[in-house]
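Each remark here refers to the structure printed beneath this line.
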Amino acid sequence: MVPADLITQSRVLSGCEVTSKKRLLETLAALLSDGDGLLSSTHVFDRLLERERLGSTGLGQGIALPHARMHGIHAPVGAFVQLRDAVAFDAIDDRPVDLAFGLLVPDATDEQHLQLLATLASAFDDAGVREALRAATDDADVLAVFRERVLTV
């Protein structure tokens, strides 16, 4: 099950312009650390990059799901970026990524982390969800898609 407060409008960015995988991860790190005095965007970026070095989190079909365990948080935190132009991401299908969901989970989490990743990956496998996320015109529209199509999975 996906926690209802996993993502908020302050952690959504639509129509984002980045030119590389690194910049996309930096953008997600900034969103994930926003408003949380315990997390620095640099530390979050380092953790996302560390995980990415183990293997790409590009799921295919233009979707990436960068994720990391994080010391100091007590609940999963998500952020979403809709890119104006897709970027190379070393995805499983070699297609560039234009939709990315960043996820942080508490350091001690195990089964919950895996279930949440599986649930999100399953939601992003739905062509209708991907189309709706790509068609969203602003942050509020993106969040509405999450609330209606992803958080209810």
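It should be emphasised that the depicted structure is a prediction, and the values quoted were computed from it without experimental measurement.
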Point to revise | Euclidean distance, Leu49 CG relative to Lys21 NZ, rounded to 0.5 Å | key: 8.0 Å
Review point. With sequence neighbours excluded, what pairs up with Phe89 under the ring-ring contact (aromatic ring centres under 6.0 Å, His included) test?
Key: none
Check your understanding: Could you walk me through whether Val87 and Ser20 pass the side-chain contact (heavy atoms from CB on, under 4.5 Å) check?
Key -> CA-CA 6 Å; Val87 297; Ser20 68; 5.8 Å; no
Check your understanding: Residues in side-chain contact (heavy atoms from CB on, under 4.5 Å) with Arg11, at least two apart?
Key -> Thr8, Val77, Ala79
Check your understanding: With distance as the sole criterion, is a donor-acceptor pair present between the side chains of Asp138 and Ser14 under 3.5 Å?
Key -> no
**Study point:** Residues that Asp5 engages under side-chain hydrogen bond (donor to acceptor under 3.5 Å, both in side chains), provided they are two or more places apart
**Key:** none
Check your understanding: Hey, are the side chains of Leu116 and Leu6 touching, using non-hydrogen atoms and a 4.5 Å cut-off?
Key -> yes
Study note, to complete from the structure: With sequence neighbours left out, the residues meeting side-chain hydrogen bond (donor to acceptor under 3.5 Å, both in side chains) with Gln61 are Asp125, Arg130
Check your understanding: Would you say Leu103 and Pro76 make side-chain contact, with heavy atoms under 4.5 Å?
Key -> yes
Revision key, fill the gap. Here the gap from Thr19 atom OG1 to Asp85 atom CG, rounded to the nearest 0.5 Å, amounts to 10.0 Å
Exercise for review: For side-chain contact (heavy atoms from CB on, under 4.5 Å), just list the numbers for Val150 and Phe101, CA-CA rounded to whole Å, side-chain angles, deciding distance to a tenth of an Å, and then say yes or no.
Suggested key: CA-CA 12 Å; Val150 177; Phe101 190 94; over 6 Å; no
Check your understanding: Between Leu39 and Leu32, is a side-chain contact (heavy atoms from CB on, under 4.5 Å) present by the stated rule, with each step listed?
Key -> CA-CA 8 Å; Leu39 299 176; Leu32 288 164; 5.7 Å; no
**Study point:** Set of salt bridge (charged side-chain N to carboxylate O under 4.0 Å, His left out) partners for Arg23, sequence neighbours left out
**Key:** Glu26
Check your understanding: Between Ser10 and Leu31, what is the shortest heavy-atom contact and its length?
Key -> O-CD2, 3.7 Å
**Study point:** Polar side-chain atom of Thr119 near backbone of Gln115 as donor-acceptor pair, under 3.5 Å
**Key:** yes
Study note, to complete from the structure: Applying side-chain hydrogen bond (donor to acceptor under 3.5 Å, both in side chains) to Arg95 and not counting sequence neighbours gives none
Point to revise | Between CD1 on residue Ile73 and OG on residue Ser33, distance to nearest 0.5 Å | key: 11.5 Å
Exercise for review: If a pair satisfies ring pair (Phe, Tyr, Trp, His ring centres under 6.0 Å) and one of its residues is in residues 57-80, list it, with sequence neighbours excluded.
Suggested key: His67-His113, Phe80-Phe146
Revision key, fill the gap. With sequence neighbours left out, the residues meeting side-chain contact (heavy atoms from CB on, under 4.5 Å) with His43 are Ser40, Arg47, Met70
**Study point:** All side-chain contact (heavy atoms from CB on, under 4.5 Å) counterparts of Ala88, not counting sequence neighbours
**Key:** none
Exercise for review: Under the salt bridge (charged side-chain N to carboxylate O under 4.0 Å, His left out) rule, collect the residues that match up with Asp98, sequence neighbours excluded.
Suggested key: Arg134
Check your understanding: Within the side chain of Gln82, is there an N or O that forms a donor-acceptor pair under 3.5 Å with the backbone of Leu133?
Key -> yes
Review point. Is there a side-chain contact between Leu65 and Leu117 (heavy atoms, below 4.5 Å)?
Key: yes
Revision key, fill the gap. One should read off an interatomic distance between Leu59 CG and Thr57 OG1, to the nearest 0.5 angstrom, of 7.0 Å
Review point. Who passes side-chain hydrogen bond (donor to acceptor under 3.5 Å, both in side chains) against Ser41, sequence neighbours left out?
Key: none
Review point. What pairs with Asp46 under side-chain contact (heavy atoms from CB on, under 4.5 Å), at least two apart in sequence or on another chain?
Key: Thr42
Exercise for review: Search all heavy atoms of Leu13 against all heavy atoms of Cys16 and return the closest pair with its distance.
Suggested key: CD2-SG, 3.7 Å
Point to revise | Nearest heavy-atom neighbours spanning Val129 and Val145 | key: O-CG1, 4.4 Å
